[in-house]
Amino acid sequence: MGKTILIVDDSPSVRQVVGIALRGAGYDVIEGVDGRDGLSKLDGRKVHLIISDVNMPNMDGITFVTEVKKLAAYKFTPIIMLTTESQESKKLEGQAAGAKAWVVKPFQPTQMLAAVSKLILP
Amino acid sequence: MVALIVVAALAGLGIGYFVGHRRPAPVDAVAAQALTSEVEGYLQSLDEFGQSVPKVWAAHVESCRQQMETAVTELAGRFAEIVVLLETALSESGAGGTTDQHYVFESSRSQLADVVGTLGGALSHKRRFIDELSGVQTINDEVLALTADVAKIASQTHLLALNAAIEASRVGEAGAAFAVVAVEVRRLADLSAETAERISGRSQQLSGAIASTLTAAHESELSESSAVLHANDKVQSVLNDLLTLVAGLRDSSERIGGAASGIKQQIATSLTQFQFQDRIGQTLDHLRASIETLPPLLERSRADAADALRPLDPVAMLEALSSTYTMAEEHRTHGSGNPVPVADNEITFF
């Protein structure tokens with residue numbers, strides 16, 4: 001059984017593109033359409049890594065990361081922010097919230113997979 | 001942006017017109033009334049412009065954004081399905097490929113070798129049978145020689161008995177008994193000769209039968225040996241043909257697999273290009289939000305005009321637009337007034 005990665009992004013095409021890259025590398029993928037939906041996916045199942053957008057409706061990515069870190073079962077789950085945001089202040093917000101990496105779109109699948117491989121839980 | 005420029009230009013023209021007509025003191029009440037009416041009309045048109053045009057612009061922008069998002073999502077989905085189908089095809093091709101073919105081929109080769117080996121074994125048995133039969137022939141020849149010896153002994157015994165009878169008759173009454181013995185010996189010698197002759201006859205018949213059998217067996221052995229060699233050659237030929245066919249299929253399968261793998265990689269790489277939709281979608285969203293601020297802005301300007309005509313502030317509106325930007329190229333485009341290329345992606349680890 002492969003490792004599970006949660007993708008949280010309001011763009012269906014981005015979820016598909018990221019999902020294809022991850023599934024192609026052998027990971028199991030679950031999806032959330034925004035921060036709130038992403039939180040609902042953290043229902044006790046084992047999630048080895050989370051990839052989240054920043055700008056999303058209902059619950060933005062920074063708030064989502066903050067909320068994830070409050071969950072005992074997921075507080076150590078590494079989170080990669082995947083976003084078009086490149087402002088340093090936003091990156092610092094993400095870092096403060098507990099994200100482990102900041103990837104600016106458009107990403108190359110090989111680079112994304114390298115980052116995932118580096119951070120994913122054993 | 002176009003909307004802002006147009007509205008700012010219209011507002012500038014209006015203000016210029018208003019100022020140009022307001023500064024000089026009205027020559028009379030009629031002229032003042034006409035000027036007021038003209039300004040009112042202009043402000044009304046500005047109000048109507050703000051209420052109608054930006055909404056249409058925003059609607060078109062949002063429509064484009066949604067159409068693009070729907071189309072790109074659909075395309076990405078289709079491409080994803082193609083990638084999955086290619087993966088399945090590659091997996092199936094690998095599963096039924098060289099390993100199974102190699103196993104079937106080696107199994108067939110082994111079974112056919114068993115068949116040829118069985119035929120060769122039967123031929124060996126036949127050769128041993130022929131050898132045994134040759135041994136029987138040799139023994140029969142020896143028996144034939146022995147019967148000749150027996151006949152010779154019988155002949156000599158017969159002659160000896162004849163001489164004994166002659167000698168017995170020469171001695172008269174005293175040799176009468178001996179003459180009887182001599183007759184009996186001669187009779188036994190004759191019987192021995194007859195028996196030897198019968199045995200010789202049978203033995204010659206047996207020799208003839210064995211010779212015929214051996215001839216037939218040798219001919220059969222030659223024929224079967226040739227058949228086994230021929231079968232072996234045929235089996236090798238068929239196996240070589242099969243090997244060529246299997247190698248061709250394997251090469252073909254590998255080439256198809258390589259092509260499918262390349263297509264899959266190309267599609268997967270192409271899919272990453274769909275990320276443009278997310279970036280363009282966000283830019284259009286920011287633009288739509290900015291356009292939507294125009295009607296209330298014009299409305300406030302219209303309301304303020306009752307007290308004083310204040311120029312619209314493009315700087316404030318552009319700053320508000322800029323504050324919504326999330327991407328570096330939005331800032332660069334805003335600053336330069338021209339399209340800019342998207343920067344390479346970057347990864348920052350914390």
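Protein chains get the first letters and strands the later ones, always in sequence-line order, with residue 1 at the start of each.
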Close side-chain approach of Gln16(A) and Phe274(B), heavy atoms under 4.5 Å
no
Nearest heavy-atom neighbours spanning Ser13(A) and Thr73(B)
N-OG1, 3.8 Å
Arg279(B) CZ to Thr84(A) OG1 distance, which is reported to the nearest 0.5 Å:
6.0 Å
Side chain to side chain donor-acceptor pair (under 3.5 Å) pairs, two or more places apart, involving residues 98-108 of chain A
Asp9(A)-Lys105(A), Lys105(A)-Asp278(B)
Between Phe349(B) and Leu119(A), is any pair of side-chain heavy atoms under 4.5 Å apart?
yes
Quick one: of Glu74(B), Gln282(B), Glu69(B), Glu329(B), who has the most non-hydrogen atom pairs under 4.5 Å with chain A?
Gln282(B)
Looking only at heavy atoms, which of residues 31-40 of chain A get nearer than 4.5 Å to chain B?
none
Is any residue of residues 54-68 of chain A within less than 4.5 Å of chain B by heavy atoms, and which ones?
Asn55(A)
Donor-acceptor under 3.5 Å (Gln277(B) side chain, Ser11(A) main chain)
no
Which heavy atom of Phe350(B) sits nearest a heavy atom of Lys91(A), and at what distance?
CZ-O, 3.6 Å
Proximal component of Val17(A), with respect to chain B [non-hydrogen, under 4.5 Å]
side chain
Under a 4.5 Å cutoff for heavy-atom pairs, which residue among Gly94(A), Gly24(A), Gly19(A), Ala99(A) has the most contacts with chain B?
Ala99(A)
Any residue of residues 75-83 of chain A which, by heavy atoms, sits under 4.5 Å from chain B:
none
